[in-house]
Structure formats: structure tokens, C-alpha cells
Amino acid sequence: MSIPTATEKTGARTDEAADLIGNARERIDSLDDRIIGLIQERMAVSAVIQEARITSGGRRVNLSREMEVLAHYRDALGKPGTALAMTMLELCRGRI
């Protein structure tokens with residue numbers, strides 16, 4: 001079994017395009033790592049907020065705040081932003 005060439009790995013038809021795609025994919029991988037780190041940081045901050053709310057006798061989730069977050073993502077990213085925000089909120093809920 002042979003090792004795939006850069007053009008085979010990227011689906012590009014030229015070496016130049018394969019190089020561009022390879023470099024862009026490296027940048028995307030780096031961005032994904034940063035995004036994951038930021039989401040993990042958000043989860044930790046959310047846990048602090050939930051703990052304070054529960055300790056003070058409040059509910060774990062503040063639905064009006066979640067609606068603000070959903071609107072913010074929808075306004076910035078369109079309809080798919082709402083789905084992204086829902087996933088992020090799910091990640092940040094209920095760890096306490």
C-alpha cells in the first residue's frame with residue numbers, strides 16, 4: 001500500500017492547490033484547538049456561575065440568559081449559530 005500524495009490527501013488537482021489546502025488545514029486545526037480551549041474555559045466559568053446560583057437558592061439554569069446567548073449567536077452567525085449555541089449551552093449545563 002502506497003502513501004497518499006498531497007493531492008490525493010487534499011483532493012486537489014495541482015501541487016500548488018494541495019500545498020495551499022494543506023497549509024489552510026493546519027491553520028484550521030490550530031483554530032479548532034483554540035476554540036475547544038475556549039469552550040472548556042467557558043464550561044469552567046459557567047460551573048462557577050451555576051454553583052453560586054444554586055448555593056444562593058436559585059436554579060441551576062437561567063433560561064432568560066440562555067435566550068440572550070442564543071440570540072447573540074443567531075445574530076452573529078445566522079440560523080446555524082442557534083444550533084451551535086444550543087450545543088455549547090448543553091456542554092456548559094449540569095456539571096454540578
Side-chain angles (χ1 to χ4, degrees):
M1 185 174 208
S2 64
I3 298 172
T5 65
T7 53
E8 290 171 335
K9 286 175 68 174
T10 63
R13 303 242 176 182
T14 65
D15 290 338
E16 294 80 16
D19 288 343
L20 185 125
I21 292 167
N23 291 333
R25 284 183 177 170
E26 285 179 20
R27 184 156 183 233
I28 285 174
D29 290 345
S30 176
L31 289 167
D32 285 344
D33 288 342
R34 288 171 47 200
I35 291 166
I36 290 167
L38 288 170
I39 291 171
Q40 289 170 331
E41 183 178 346
R42 191 189 194 287
M43 290 168 66
V45 172
S46 182
V48 169
I49 292 168
Q50 289 176 52
E51 178 69 30
R53 193 179 300 119
I54 291 168
T55 300
S56 72
R59 301 179 65 148
R60 179 175 50 86
V61 175
N62 181 334
L63 294 179
S64 64
R65 173 61 181 152
E66 288 197 356
M67 295 306 292
E68 289 174 13
V69 171
L70 291 170
H72 181 67
Y73 275 71
R74 182 190 63 243
D75 292 347
L77 302 172
K79 185 178 177 182
T82 303
L84 177 63
M86 286 295 295
T87 299
M88 184 196 56
L89 289 170
E90 183 179 347
L91 285 167
C92 292
R93 274 190 221 123
R95 299 256 190 252
I96 297 172

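One-based numbering along the sequence shown.
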Chemist: To the nearest 0.5 Å, what is the distance between CG (L38) and CG (L31)?
Modeler: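 These two atoms lie 10.5 Å from each other.
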Chemist: Taking only residues two or more places apart in sequence or in another chain, which ones pass side-chain contact (heavy atoms from CB on, under 4.5 Å) with R42?
Modeler: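 So R42 forms a side-chain contact (heavy atoms from CB on, under 4.5 Å) with V69, M88, L89, C92.
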Chemist: Given E66 and M86, is the side chain to side chain contact (heavy atoms under 4.5 Å, CB included) satisfied, shown in steps?
Modeler: CA-CA 9 Å; E66 288 197 356; M86 286 295 295; over 6 Å; no
Chemist: Please name all residues satisfying side chain to side chain donor-acceptor pair (under 3.5 Å) with N62, sequence neighbours left out, ordered by chain then number.
Modeler: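 For N62 the side chain to side chain donor-acceptor pair (under 3.5 Å) partners, ignoring immediate neighbours, are S64.
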Chemist: Would you check, one step at a time, whether the test side chain to side chain contact (heavy atoms under 4.5 Å, CB included) holds for K9 with I21?
Modeler: CA-CA 10 Å; K9 286 175 68 174; I21 292 167; over 6 Å; no
Chemist: Can you name the salt bridge (charged side-chain N to carboxylate O under 4.0 Å, His left out) partners of R53, sequence neighbours left out?
Modeler: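 For R53, no residue satisfies salt bridge (charged side-chain N to carboxylate O under 4.0 Å, His left out) once neighbours in sequence are set aside.
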Chemist: Quiz question: by atom type and distance under 3.5 Å, do the side chains of S30 and E26 form a donor-acceptor pair?
Modeler: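 No, because no side-chain N or O of S30 sits under 3.5 Å from a partner of the opposite role on E26.
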Chemist: Enter the distance from I54:CD1 to R59:CZ here, rounded to the nearest 0.5 Å.
Modeler: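 If I round to the nearest 0.5 Å, the distance is 11.0 Å.
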Chemist: With a 4.0 Å cut-off on N to O distance, would you call R65 and E68 a salt bridge?
Modeler: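 Judged by the 4.0 Å cut-off on N to carboxylate O distance, R65 and E68 do form a salt bridge.
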Chemist: Is there a side-chain contact between E16 and L20 in this structure, where contact means two heavy atoms from C-beta onward sitting under 4.5 Å apart?
Modeler: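 No, every pair of side-chain atoms sits at 4.5 Å or beyond.
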Chemist: May I ask whether M67 and L91 are part of the same hydrophobic cluster, defined by side-chain heavy atoms of I, L, V, M, F, W, Y residues being less than 4.5 angstrom apart, directly or through others?
Modeler: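 In one cluster with M67: L91, no.
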Chemist: Before giving the answer on side chain to side chain contact (heavy atoms under 4.5 Å, CB included), spell out for R74 and K79 the whole-Å C-alpha distance, their side-chain angles and the decisive distance to 0.1 Å.
Modeler: CA-CA 6 Å; R74 182 190 63 243; K79 185 178 177 182; 5.8 Å; no
Chemist: For residues A12 and A18, report the shortest heavy-atom separation together with the two atoms involved.
Modeler: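 Taking A12 first and A18 second, the nearest heavy atoms are CB-N, 3.5 Å.
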